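Some notes on the structure that comes next.
Counting starts at 1 for both ligands and their atoms, following the listed order. Numbers here are sequence positions counted from 1. Everything numeric in this text was worked out from a predicted model, so none of it was measured.
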Amino acid sequence: MSHSFDDALSEAAAPAPGEPPYLKGLNPEQRDAVLSADGPVLVLAGAGTGKTRVLTTRLGHLLYSRRAYPGQILAVTFTNKAAREMKERIGLLIGGVVEGMQWLGTFHSIGARMLRRHAELAGLKSNFTILDADDQLRLIKQVVTAANLDEKRHPPRQLAALIDRWKNRGWLPADVPNGEAYGYAAGKGAQLYAAYQQRLQELNAADFGDLLLGTIKVLRENPDVLEDYRRRFVYILVDEYQDTNTAQHQWLKLLAAPRHNICCVGDDDQSIYGWRGAEVDNILSFERDYPGAKIIRLERNYRSTPEILNAASGLIRENKSRHGKTLRTDAESGSPVTVLSVWDAEEEARQVADELEAMMKRGERLASAAILVRASHQMREFEERFVAVGLPYRVIGGPRFYERQEIRDALAYLRVVYQPDDDLAFERIVNKPKRGIGDKAVQDIQITARKMGVSLSQAARRLADSDEMSGKARTQLKLLMDNFDRWRANIAAMSHIDLATAILEESGYIEMWQADKSVEAEGRLENLKELIRSMDGFENLGGFLEHVSLVMEVEQNETGDKVSIMTLHGAKGLEFDTVFLPGWEEGLFPSQRSMDENGLAGLEEERRLAYVGITRGKKRVQISYAANRRTHGLWQSAIPSRFVSELPVAAIEIKEGGSGSFQQRGAFAENRWSTGDFSSSYDSPGWRRAQTNAQSGGVRQRGPVIEVTAQVINSADDSHGGFSVGDTVVHAKFGQGRVVHADGNKLTVRFQTAGEKKVVAAFLQHA
Ligand code: ATP
Ligand code: MG
């Protein structure tokens, strides 16, 4: 049943004796936030306290109480999916489907809508093209070339990243301070930015940053247009306000004046987009932006069990730069957050798949569970396992592993080596990385192939050996074809893993991404390493490629009961009964890159991400870490994330991995922790293969043989983790102390300087 807005109003307004039904069930603070319609309101509250619910109800209330028509409300959500959900919920709240919420959407979608309406004022036509990241980069390259700059010394991606940053800050070319412009080609940055904008205009195109920045410019330069919008938007609502950047903040301020009927909701502890220009200060300075603002705090969490909440609160308390807040729940006590240690990522995936199967047996829906990873390359291991056992899954917010651009490219190389006549694969990589085999040369190859009735590879070989093609294209093509011959000749002699590594390196493909300064490049390199790693389980190249083609064929059916796999960043605002948080290892999570680039601020953003992850769970959360992870082509002994040790002992339960698999616990883990030795490989002293690998069909041995000579505590044998009351122990953070109480893995230790603490056996060492 679809209603027009007026239908909805008349229907809703008629049978309303007393209080509207949507207010029922709200707590007093939530109700206050919904009913304080006029003036600036900020709801600053922790996860799961009903901020989004308040925002939705408020929107419904504004409509129901006839304060505004749907077209008079500007409502900003974080994703398009959230916008759709909000529309549906409002429909439910006030009856029927409300139409005409044309200003409900993401910053980008609303910005695009506005810019199209006033395109001519921004020097564009209303049908302008919105460039994606690839097109944007191509254009920036042209600009760099046109300025006679050396692309090697001044990578265009670097300029692209800078321009993004400037746009996030709301800077037009003229606004870029000199110091900033120095970040690229000795001060030419701002000039090139101007040239790029000029090119965009000539092409009748805008990039994502322009959708907002362009609109801001139009609003500033055209008071009548601004006035029109200010009159139109009687109310403004914004979700996830902590992740707005400066441009978005300026845009909101422009539109909200002078009425200031703006309601923003957010949580400074969930600010996770600093790396993309989000300014958590926007939320903390709300009162300064909107004097007289009403600040409402919600403290009751409706989402999670007390255990989940305690774990999350305890963790986030470690952040120094935050405004502390209280969170409580009236929910019944549930199971503790489990912390599971496993041997490697394969065991991690197997264990999660087993849990999911057990859930299904209990009659729970797969869709009520999610796996939230820090880095997208972690997804592959899960995908493989789920495909192997036939467990339906969906990857949210990104292509599945084998569908990613860099993976497809790498596979194309392998396919051409294995099957020279694979034309599709050949076409895909013949000039990737760019090696001077341009469109014309590719066309020549195609024509030759057609004429001779042979494959592209054969035609290319022919052209490279003849004089029909000349110049750089011919030299390069010959080089490439010689490479392919050489790689092919090595199929039998080399292991398929070494061969694949050599191909990706010698072809220049890896180098291409290494030179790439974009945000995604690092992730792509990780994915490529993950691809190589995944070849380990196969006998040869043919077996591997066969497997991949089968995995890729698993049809992607979007409906049905499926477990979700997504990144932590993508999970913001969502909730699931069961949440799996794999890969809690130093370097992976917190990400080494964030810490290297942003120091303490980077670490704290990672911790907020961990907080977001835990607080997605309603009933069960399982955190896991592997003792070994293969990164950079090497097996690394991983150590548990510091975040694991920051979880309050009372809220968690330490669990073993698969039966008999090696447990990384106790002394040596702590040793490495305290010495900061996070990167020791299998070759380090103290690491040889764990002899506890008694599992039938258990952990496959991969990489060099290792053995753990440090004390391995199997808590199945000794439930106190090898410690008894009276033992003298050492803890990396608290120093030396004596065990005064032991309850399973949880010990109470009286430390000499730190006093009495509850700690987990895994973090202790005998003195
Ligand atoms: P996040 O910070 O993760 O975005 P949030 O503060 O936006 O969380 P919501 O998603 O709005 O929280 O609410 C969390 C859960 O609690 C939802 O399932 C919501 O329906 C429920 N909830 C919120 N308020 C109430 C209430 N007063 N009574 C019952 N359930 C509620
Ligand atoms: Mg929310």
Check: Gln270 N/O within less than 3.5 Å of ligand 1 N/O: yes
Less than 4.5 Å apart, any side-chain heavy atom of Glu287 and any of Leu42? no
What are the atoms of ligand 1, with element, lying closer than 4.0 Å to any heavy atom of Gly573? 4 (O)
Are any of the N/O atoms on Gly48, whether in the backbone or the side chain, positioned under 3.5 angstrom from an N/O atom of ligand 1? yes
Look at atom 20 (O) of ligand 1 and say which protein heavy atom is nearest, naming residue and atom and giving the distance to 0.1 Å. Arg53 NH1, 3.2 Å
Under 3.5 Å, is there a donor-acceptor pair between the side chain of Asn27 and the main chain of Gln30? yes
Identity and distance of the protein heavy atom lying nearest atom 10 (O) of ligand 1: Arg303 NH2, 3.0 Å
Which of Phe233, Tyr229, Tyr235 passes side chain to side chain contact (heavy atoms under 4.5 Å, CB included) with Leu74? It is Phe233
Report the member of Phe78, Tyr611, Tyr302 with the shortest heavy-atom distance to atom 26 (C) of ligand 1. Tyr302
Indicate yes or no: at least one non-hydrogen side-chain atom of Lys167 is less than 4.5 angstrom from one of Asp207. yes
Does Thr49 come within less than 4.0 Å of ligand 1, judged by its heavy atoms? yes
Sub-4.0 Å atoms of ligand 1 with respect to non-hydrogen atoms of Gly25: 26 (C), 27 (N), 28 (N)
For atom 24 (N) of ligand 1, closest protein heavy-atom neighbour: Gln30 NE2, 3.0 Å
Using 4.0 Å as the upper bound for N to carboxylate O, is an ion pair formed by Lys572 and Glu240? yes
Does Gly50, backbone or side chain, put an N or O under 3.5 Å from an N or O of ligand 1? yes
To atom 3 (O) of ligand 1, the nearest of Lys51, Lys572, Arg616, Lys618 on a heavy-atom basis is Arg616
Parallel, tilted or perpendicular for His249 and Tyr241, by the 30°/60° rule? tilted
Can Arg374 and Glu606 be counted as an ion pair, charged N to O under 4.0 angstrom? yes
Using 30° and 60° as the class boundaries, would you call the ring planes of Tyr273 and Phe78 parallel, tilted or perpendicular? tilted
Is a side-chain donor or acceptor of Glu604 paired with a backbone partner of Ala601 at a separation under 3.5 angstrom? no
Based purely on interatomic distance, does Arg89 place a nitrogen or oxygen under 3.5 Å from a nitrogen or oxygen of ligand 1? no
Can you tell me the protein heavy atom closest to atom 15 (C) of ligand 1 and the distance? Glu575 OE1, 3.3 Å
